[in-house]
Amino acid sequence: MGDVADIKQQSGEGIRKAAWQAAAAVPDPEIPVVTVEDLGILRLVDLDAEGRVVAHVTPTYSGCPATQLIQEMVLEALQTAGFEDARVETVLSPAWTTDWISEAGRQKLKEYGIAPPEKTSNSKRALFGETLVQCPHCGAAETERVSEFGSTPCKALYRCLTCREPFDYFKCL
C-alpha cells in the first residue's frame with residue numbers, strides 16, 4: 001500500500017481498493033487464522049457522498065458476540081491505514097451464510113484443525129447434526145458429534161472415530 005497522501009490523490013477506485021486491503025486483513029477474533037475477507041463478512045468498501053470510506057460488514061448471526069469487536073477492528077484498521085474519517089456500517093440483508101466463506105478461508109480452517117462447513121447451506125440436515133463431517137486431522141469421514149456446541153456457539157464439537165482426535169466443526173448456516 002502506498003502513502004495515504006498518495007492514495008487520497010487517486011481516483012475513487014484507488015481509494016476503495018486501498019481501504020479494502022486494509023479492512024480485509026482484519027483477523028476474526030475467535031479464529032485468528034481467517035480474516036473478515038476469508039469469512040465473507042466484509043461485504044463492500046465504498047465512499048459516501050462526502051468521499052469518506054464506509055466499510056459494510058455483515059454479522060455471521062444475530063447473537064455473535066464478536067460482531068462489535070470485528071466492527072471496531074475494521075474501523076481501527078481503516079484509521080491506521082490513514083482513513084481517519086472512515087466508518088463501518090452493519091448490513092443485515094442478505095443474511096450471511098457459510099457459503100460466503102472463501103476457498104482460502106475453508107483451507108485455513110482445515111489447516112487450523114476446524115472442519116469447514118458444507119459448501120451448500122441449503123441442507124437443513126446440517127442443523128440437526130446429520131451432516132457428514134470429515135476429520136480435519138486425518139481426513140476420515142467416520143466422525144461423530146459429541147456436542148451441539150464447540151469452542152464457540154457457531155461450532156459443534158466432533159470426534160474422529162478413526163484417529164480419535166476431537167475437533168470443532170464450523171456449523172453450516
Side-chain angles (χ1 to χ4, degrees), residues 20-45 55-81 87-173:
W20 175 273
Q21 289 175 338
V26 170
D28 180 82
E30 293 178 330
I31 312 168
V33 296
V34 291
T35 66
V36 293
E37 180 182 40
D38 292 329
L39 291 174
I41 59 178
L42 178 63
R43 304 258 318 267
L44 173 72
V45 175
H56 300 259
V57 175
T58 297
T60 54
Y61 64 97
S62 61
C64 178
T67 300
Q68 183 65 34
L69 180 57
I70 290 170
Q71 291 179 346
E72 291 172 11
M73 292 169 68
V74 168
L75 182 59
E76 182 180 352
L78 290 169
Q79 290 173 337
T80 299
R87 67 178 200 277
V88 177
E89 292 186 1
T90 301
V91 178
L92 300 177
S93 179
W96 180 87
T97 79
T98 49
D99 288 349
W100 294 8
I101 299 174
S102 69
E103 285 305 316
R106 291 172 188 278
Q107 187 60 36
K108 290 176 184 176
L109 288 171
K110 189 175 178 180
E111 290 170 1
Y112 192 61
I114 299 173
E118 293 283 315
K119 182 65 178 169
T120 304
S121 63
N122 61 4
S123 172
K124 302 301 180 213
R125 295 180 61 179
L127 297 174
F128 303 102
E130 298 174 7
T131 302
L132 177 64
V133 177
Q134 194 173 32
C135 175
H137 303 296
C138 72
E142 295 79 31
T143 61
E144 67 178 358
R145 187 176 65 183
V146 176
S147 173
E148 182 67 31
F149 298 101
S151 60
T152 62
C154 60
K155 293 178 261 176
L157 181 61
Y158 273 73
R159 174 178 46 206
C160 179
L161 299 177
T162 300
C163 73
R164 311 301 283 171
E165 289 291 326
F167 63 91
D168 275 334
Y169 168 62
F170 201 112
K171 294 177 190 172
C172 184
L173 299 175

If I compare all heavy atoms of [X] with all of [Y], which pair ends up nearest, and what's the gap?
X	Y	value
Pro153	Phe149	O-CD2, 3.5 Å
Cys64	Thr67	O-OG1, 3.1 Å
Ala66	Pro29	CB-CG, 3.8 Å
Pro94	Thr58	O-CG2, 4.1 Å
Ser102	Gly105	OG-N, 2.9 Å

Is any side-chain heavy atom of [X] closer than 4.5 Å to a side-chain heavy atom of [Y]?
X	Y	result
Gln134	Tyr158	no
Pro65	Glu30	yes
Leu157	Ser151	no

Roughly how far, to the nearest 0.5 Å, is the CD atom of Glu165 from the SG atom of Cys138?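 Going from the SG atom of Cys138 to the CD atom of Glu165 covers 9.0 Å.
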So NZ of Lys171 and NZ of Lys155: to nearest 0.5 Å the spacing works out to 10.5 Å
Would you check, one step at a time, whether the test side chain to side chain contact (heavy atoms under 4.5 Å, CB included) holds for Trp100 with Arg43? CA-CA 10 Å; Trp100 294 8; Arg43 304 258 318 267; 3.3 Å; yes
Check against side chain to side chain contact (heavy atoms under 4.5 Å, CB included), Trp96 and Val91: CA-CA 9 Å; Trp96 180 87; Val91 178; over 6 Å; no
Set of residues satisfying side chain to side chain contact (heavy atoms under 4.5 Å, CB included) with respect to Ala24, sequence neighbours excluded: Trp20, Glu37, Leu42
Backbone N or O of [Y] within a donor-acceptor pair of the [X] side chain at under 3.5 Å?
X	Y	value
Thr35	Ala25	no
Thr143	Val133	yes
Glu89	His56	no

Listed pairs under 3.5 Å, donor-acceptor, residues 107-117 side chains, sequence neighbours left out:
unit_1, atom_1, unit_2, atom_2, d
Gln107, NE2, Glu111, OE2, 3.0
Lys108, NZ, Asp38, OD2, 2.8

Mind checking whether His137 and Phe167 have parallel, tilted or perpendicular rings, split at 30° and 60°? perpendicular
Let me have the donor-acceptor pairs involving side chains of residues 69-76, under 3.5 Å, with sequence neighbours excluded, atom names and distances please.
unit_1, atom_1, unit_2, atom_2, d
Gln71, NE2, Thr90, OG1, 2.4
Glu72, OE2, Gln68, NE2, 3.2

